[in-house]
Amino acid sequence: MASEIRSMKVRGAGRIARAGAAAMGKFAENYRGRSLEDFRKDLGTAADILLESRPTAVSLRNGVQTCVKDVCGASSLDEAKNSVVQNARLFAESSSKAAEFIAKIGARQVCSGDVLLTHCNSAAALGVIKEANAQGKNIRVYATESRPWRQGLLTVRELSEAGVDVTLIVDSAVRSVMKKTDRVFVGADTVVSNGDLVNKIGTSQLALAADEAGVPFNVCAETYKFSPMTVFGDTVAIEERDCGEIADKELLPEGVKVYNPVFDTTPAKYIDAIITELGIISPGSVYDVMMRQIGDGIFGMRDRL
Ligand code: RI2
């Protein structure tokens, strides 16, 4: 699973979290060792391998952490294995439910006849758009190509299959079409304690253009994409991928360097709303939600502190 995530065969912050949690569940189910101590060690190694596969999206970390959170307190190998299997199943259920809630809540923000703009391929953002369309709101959507992986092609396919009137644009057309846009909906890889958003490279340019044009900029994010450890100073590593994703080395003159960061940070001041399964919150409320997650021990927070 780690190699499928690394190669982008499995991608999207929500999908990699669910895939990571499912892999942990399977690991526990199929474990043939006989001691609780070995299981803890081997489970930790499995978790590390998964977490290294994509460093930016905290969703993966939270999905994996949710699965292992009760292993420390288990008194037998069977109890520990069962807790991982059970927590993996609960994470799959709750993350799917969260996406459904976000779609319903976000669709209420869309007015009939709206022109929307989205970036990359976010299941959370597309859930909102598809729900608004299913409610007969007669929307039109601009979708960015999202170089270098061109996830925008997945987005236009998915939206057109859902009957949405969708137009593909190159990333550099964002400022141009912003004048014709009523609302922006993007997803999230990680939300930071001060309300900043880490998402697909280019998201911060959408936010700047939206700010200039006075267009509401909405982030669709399940709360397992919040990174409570950022309260305590953790920083979000921005993943850099292979230069070959941008241009074939043979096409480049010798000595030319290529830089390929795949995420960027959008400052909280450009974000109008974060649509979560708990409701619509402002970036300034993210800290409070995170403190509650820490207090409740969600995502094994107490063990990580
Ligand atoms: P959902 C994607 O990353 C995009 O950045 C997208 O906005 C984000 O994950 C959230 O996706 P990548 O895996 O969880 O394509 O909303 O690098 O599907």
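First listed ligand is number 1; within each ligand, the first listed atom is number 1.
At distances below 3.5 Å, not a single donor-acceptor pair connects side-chain atoms of T118 with backbone N or O atoms of A143. A donor-acceptor contact shorter than 3.5 Å links the side chain of D182 to the backbone of V115.
At a 4.0 Å heavy-atom cut-off, the residues surrounding ligand 1 are R11, G12, A13, G14, R54, C120, S122, A123, A124, Q151, G187, A188, D189, N199, K200, K225, F263, listed by chain and number.
Using a 4.5 Å cut-off on side-chain heavy atoms (C-beta onward), V262 and R54 make contact.
For K81 and F39, the positive end is not near the middle of the six-membered ring at less than 6.0 Å and at most 45° from its axis.
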Discussion item. Go through it in stages, so that I can follow the logic: the residues are E245 and N260, the test is side-chain hydrogen bond (donor to acceptor under 3.5 Å, both in side chains), and I'd like the CA-CA distance, side-chain angles, deciding distance and then a yes or no.
Written reply: CA-CA 8 Å; E245 291 184 352; N260 184 21; 3.0 Å; yes

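Proximity of the aromatic rings of F217 and F185 is defined here by a centroid distance below 6.0 angstrom, and this criterion is not met.
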